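The structure appears below as structure tokens.
Predicted model, so just to flag it, every value in this text is computed and none were measured.
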Protein chains: 2
Amino acid sequence: MKYGRKEDVLINPSFYNLKQQKQERIINAGIKEFVRNGFDKSSTNAIVEEAGISKGSLFNYFNNKKDLYLFLLDYSLEIVDKIIDDIDLEDGDLFNRIHKVGIRKLKVQMEFPHLFDLMTAAVAEESEDVRDIIKVRLSPVYRESQNKLYENIDYSLFREDVDVEKAIEILTWTMTGYGDKAVSQLRSFEDLGEFGERYLEEWERYSEILKYSFYK
Amino acid sequence: MKYGRKEDVLINPSFYNLKQQKQERIINAGIKEFVRNGFDKSSTNAIVEEAGISKGSLFNYFNNKKDLYLFLLDYSLEIVDKIIDDIDLEDGDLFNRIHKVGIRKLKVQMEFPHLFDLMTAAVAEESEDVRDIIKVRLSPVYRESQNKLYENIDYSLFREDVDVEKAIEILTWTMTGYGDKAVSQLRSFEDLGEFGERYLEEWERYSEILKYSFYK
DNA sequence: AACACTATTGACCACTACGGTCAATTTAAA
DNA sequence: TTTAAATTGACCGTAGTGGTCAATAGTGTT
């Protein structure tokens, strides 16, 4: 057989035959461990324990630790790609655009809480085993996302006396800041749907403050 | 001898006889490793390598890994305490107060780049060997710092239609955001003094934007 | 009930890195 | 030259690593 030999692919296709719930448990367990400890110091034992499967199963689905990592990275990048693709370039209002992206991100985070953290961790990853290939796979997505998120933005909506670049930075930092705060409070909520609504609603308050400050 | 037995103290006093430069190298190496990997996964081998001393020396100065960690934590907390004590309660302008604290923090970070990160990492530390004692030592300082930083602030300076609580959050997130950005750019500068000046100068730009937005 | 086939397990392997020790060596002081 | 103190790094028992694979459990077919 020329194509599809086991050595060529990251993953054993039988992984996709698992119940979706189990797939998600494995994906989340892997992401969580790699985010927390980086590639080298992450333990496959810890992953199987968190996922509630055996070591043998994990290494049945994935050839080795590295392939597992790369699968998770690709998995995350595809999701980001979809979000980027969905950006509506017609709407030049930065606050609208960020709000829409926020909704999409939130929905993903309900299923995969640390998925976006994996990408920021990957940027800082130092392990020689994966550093080079991370760069190859990550940088085009990064470039694209940065470009498209700010493409065709209507800067005339901003007040003339405000430094647009710095304003956008403040907006970004506020977003991540509020995101972190929300995640840290998430433990107390059981109904993630309700939490999501509250989250988006309260985000509007922050957004309004900055919009009032930065817009004409 | 009743007091000062080696078992009772975190540190062998001969550590203080070392040249200050060497002390700082050891402190920074330890902080860096513990911040990056947490207590359990931090390696004393990595620390001695980074510090440029031998394993025997490290365990001569400190009884064990745990005492080293606690020494570094206490060392950091004392510095934070000093900064808190220096807050001028007469000045009710939040922006002024934060600016002054920022200057103090910056000076510390010139000598100990990751010192404040050790405290935020300590909050999230999960190792059972140190988790309990961290809480005991950390929480009073945290409480004090939060209280005093916002004590006697003149809220009448804020516009009536702005949510002060959220405004302060935005200010905090902008501070940490810009701090992170600055640290990530720090590699390219050799003269830390000059960098510090630029840093504070540019911080003023962000501060002005928010001040203009939030104040009457 | 008996069979065939796949999915899943966890004991096990060779190996690496760990925290900590201490006899031997270097350095500094007297 | 002698003595004392500071520093080293080879070495120890232990624990945890990524990965394997014979054995077992589970499922569907006849």
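- As a whole-Å value, the separation of B:Ile47 CD1 from C:dG20 C1' is 13 Å.
- Straight-line distance from the CZ atom of B:Phe62 to the P atom of C:dG19: 15 Å, rounded to whole Å.
- Annotation: side-chain hydrogen bond (donor to acceptor under 3.5 Å, both in side chains) contacts of A:Ser14 (sequence neighbours excluded): A:Asn12.
- Taking atom NZ of B:Lys65 as the reference point, atom P of D:dA15 lies 15 Å away to the nearest angstrom.
- For the salt bridge (Lys or Arg N to Asp or Glu O under 4.0 Å) condition, the pairs that include at least one residue of residues 42-58 of chain A, sequence neighbours left out, are A:Lys32-A:Glu50.
- Distances shorter than 4.0 Å separate none of the side-chain N or O atoms of B:Asn64 from OP1 or OP2 on C:dG19.
- With sequence neighbours excluded, no residue forms a side-chain hydrogen bond (donor to acceptor under 3.5 Å, both in side chains) with B:Arg131.
- Annotation: ring pair (Phe, Tyr, Trp, His ring centres under 6.0 Å) contacts of A:Tyr69 (sequence neighbours excluded): A:Phe34, A:Phe39.
- Partners of A:Asp86 under the side-chain hydrogen bond (donor to acceptor under 3.5 Å, both in side chains) rule, at least two apart in sequence or in another chain, are A:Arg104.
- In summary, the aromatic rings of A:Phe15 and A:Phe71 are positioned with their centroids under 6.0 Å apart.
- Partners of B:Phe95 according to the ring pair (Phe, Tyr, Trp, His ring centres under 6.0 Å) rule, which considers only residues two or more places apart in sequence or in another chain, are B:Tyr215.
- Ion pair B:Lys65/B:Asp129 not flagged as a salt bridge, since none of the NZ, NE, NH1 or NH2 atoms sits closer than 4.0 Å to an Asp/Glu carboxylate oxygen.
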Distances for protein N/O vs nucleotides 28-30 of chain C N/O pairs under 3.5 angstrom?
none

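- Taking atom CG on B:Asn12 and atom P on D:dT7, their separation rounds to 10 Å, with Å as the unit.
- Less than 4.0 Å separates DNA chain D from no heavy atom of any residue of residues 126-136 of chain A.
- When rounded to the nearest whole Å, the span between CG of A:Asp40 and C1' of C:dC18 equals 16 Å.
- For B:Asn45, the listed nucleotide lying nearest its side chain is C:dC18; candidates were D:dG18, C:dG20, C:dC18.
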Sequence-aligned protein contact record of nucleotides 5-11 of chain C, with B where the base is within under 4.0 Å of a protein heavy atom and S where only the sugar-phosphate is: ---SBB-
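- Rounded to a whole Å, the CG atom of A:Asn37 is 11 Å from the P atom of D:dG18.
- Within the structure, the salt bridge (Lys or Arg N to Asp or Glu O under 4.0 Å) test picks out no pair touching residues 13-29 of chain B (sequence neighbours left out).
- Here the P atom of nucleotide D:dG16 and the NZ atom of B:Lys41 are 10 Å apart, to the nearest Å.
- In this structure, B:Ser139 has no side-chain hydrogen bond (donor to acceptor under 3.5 Å, both in side chains) partners at least two apart in sequence or on a different chain.
- Atom CD1 in B:Ile26 sits roughly 11 Å away from atom C1' in D:dT7 (whole-Å rounding).
- Partners of B:Phe112 under the ring pair (Phe, Tyr, Trp, His ring centres under 6.0 Å) rule, at least two apart in sequence or in another chain, are B:Tyr75.
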